[in-house]
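Naming convention: chains lettered A, B, ... in sequence-line order (proteins, then strands); numbering from 1 in each chain.
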Amino acid sequence: MAKRPEVVPDILDWYAESARDLPWRAADRTPWGVLVSEFMLQQTPVSRVLRPWSAWLERWPAPAALAAEPAGEAIRAWGRLGYPRRALRLHAAAVAITERHGGEVPDDHEALLALPGVGAYTAAAVASFAFGRRHVVLDTNVRRVLGRVIGATAYPPNHQTATERDLAEQLVPADPARAARWAAASMELGAIVCTARNPACGRCPVADRCAWLAAGRPDNAPPRRGQSYAGTDRQCRGALLAVLRDADEPVVGERLDLAWPAAVQRERALAGLLADGLVVRVGERYALP
DNA sequence: TAACCGTGGAG
DNA sequence: TCTCCAAGGTT
């Protein structure tokens, strides 16, 4: 892949005009608000996050407020956002921030990375968006954009490669504030123009230099094989947890039997939920932690 | 490292 | 209807 750093200024200019007005980008945003948004946005579209994010920050405007409540409250407030383990980890992160960092979201990558549920991407994103630090912020959007503009491939590989990181690092502006804007801009381009399906090349600020467009937008091998969902343990777990989320009190096992009739799978899923700490046993009944 | 972990909207 | 996809992390 050739170096094409000259695309950076044009994408930054495009972002200055075209950025969506998202609440976690507002001038009055807090590091905690940014952190919450990053947890909620993991594998989840912006449109579904907007409402829960606002309700979450209204109820828990600081990490200590969330840390003071049982984890089950976080799981309940998470609602149907999906991957409820994120709610559990966000609660655990709030506890860790309260205990280890005096209730303030840490501003450096290493400390962020040590928090539950925070990986390389989220640590870089929070350090960048909340604190203006310079980091390589390489999410699925950026990988797709760079893969197309530079690499002429429709979809990036299933797993991040060293080549991708090297290229991304070369593009990050030296100035931290500019680097933070680049992180947001490159993600935004992938999110609203250089989309996975039906990309809007006509509105792309670097269409004239896109290797993929120049090559006639070739389709490469399917990027990933999603496992089918219906009938999986994941769907079963979701059905069981929904019962507990909507219940005010611990429920008896028969209630769960109704939610998922297949006994063997239901017991396996319930055991998994208990092991994950998403469900607790209360005598003969079950509840959120 | 490959597999697992939810949910709902778009095409 | 059904497949794909959405700001990943953990084991």
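How far CH2 of A:W212 is from SG of A:C194: 6.5 Å, rounded to the nearest 0.5 Å. Here A:R59 contributes atom CZ and A:E69 contributes atom CD; the two are 4.5 Å apart, rounded to the nearest 0.5 Å.
Atom P of nucleotide C:dG8 and atom CG of A:D139 are separated by 6 Å, given to the nearest angstrom. Here the C1' atom of nucleotide C:dT10 and the CD atom of A:Q42 are 11 Å apart, to the nearest Å. When the P atom of C:dA7 is taken as reference, atom CG of A:L81 falls 15 Å away, rounded to whole Å. To the nearest angstrom, P of C:dG9 lies 12 Å from CG of A:L115. To the nearest angstrom, P of C:dT10 lies 13 Å from CG of A:L90. Here the C1' atom of nucleotide B:dG6 and the CZ atom of A:R245 are 9 Å apart, to the nearest Å. When the P atom of B:dA10 is taken as reference, atom CZ of A:R48 falls 11 Å away, rounded to whole Å. Atom CG in A:L244 sits about 13 Å away from atom P in B:dG6, given to the nearest Å.
Across all strands shown, A:V49 has no heavy atoms under 4.0 Å from either base or sugar-phosphate atoms. The residue A:G82 sits close to a base: some heavy atom pair falls under 4.0 Å. A:W78 comes within 4.0 angstrom of no nucleic acid atom, judged by non-hydrogen atoms across all strands. Backbone-only contact: A:D233 has heavy atoms under 4.0 Å from sugar-phosphate atoms and none from a base. At the heavy-atom level, A:R144 lies under 4.0 Å from the strands shown only through sugar-phosphate atoms. Within 4.0 Å (heavy atoms only), A:A196 reaches sugar-phosphate atoms of the nucleic acid but no base atom. Counting non-hydrogen atoms under 4.0 angstrom, A:L240 reaches nothing in the nucleic acid.
Contact annotation: A:Y229 side-chain N/O to B:dG6 OP1/OP2 distance is not under 4.0 Å. Not one side-chain nitrogen or oxygen of A:H159 sits closer than 4.0 Å to the OP1 or OP2 atom of B:dT1. Here A:Y155 reaches the OP1 or OP2 of C:dC5: one of its side-chain N or O atoms lies under 4.0 Å away. Under 4.0 angstrom from either OP1 or OP2 of B:dG8 there lies no side-chain N or O belonging to A:T44.
Shown here for A:V142 and A:D139, the closest heavy-atom pair between the two residues is N-OD1, 2.9 Å.
With C:dA7, C:dA6, B:dG6 as the candidates, the nucleotide lying closest to the side chain of A:R86 is B:dG6. When the nucleotides B:dG6, C:dG8, C:dA7 are ranked by their closest atom to the side chain of A:P84, B:dG6 comes out on top. Comparing B:dC5, C:dC5, C:dT10 by their nearest atom to the side chain of A:R89 picks out C:dT10.
B:dA2 and C:dA7 have their P atoms separated by 23 Å, with the value rounded to a whole Å. For the P atoms, the distance linking C:dT11 with B:dG6 amounts to 14 Å, nearest Å.
Projected onto DNA chain C by closest heavy-atom contact, A:E38 and A:L113 fall at different nucleotides, the more 5' of which corresponds to A:E38. The residue among A:S47 and A:L241 whose nearest nucleotide of DNA chain B is located toward the 5' end is A:L241. For the pair A:Q43 and A:R197, both in contact range of DNA chain B, the more 5′-proximal nearest nucleotide belongs to A:Q43.
The local environment of CZ in A:R29 is crowded, with over 12 non-hydrogen atoms from other residues, nucleotides or ligands closer than 6.0 Å. When the shell of 6.0 Å around CZ of A:R51 is examined, it contains 12 or fewer heavy atoms from other residues, nucleotides or ligands. Summarising the local packing, CD of A:E104 is surrounded by 12 or fewer heavy atoms from other residues, nucleotides or ligands at distances under 6.0 Å.
A:D13 meets the salt bridge (Lys or Arg N to Asp or Glu O under 4.0 Å) test with no other residue; sequence neighbours excluded.
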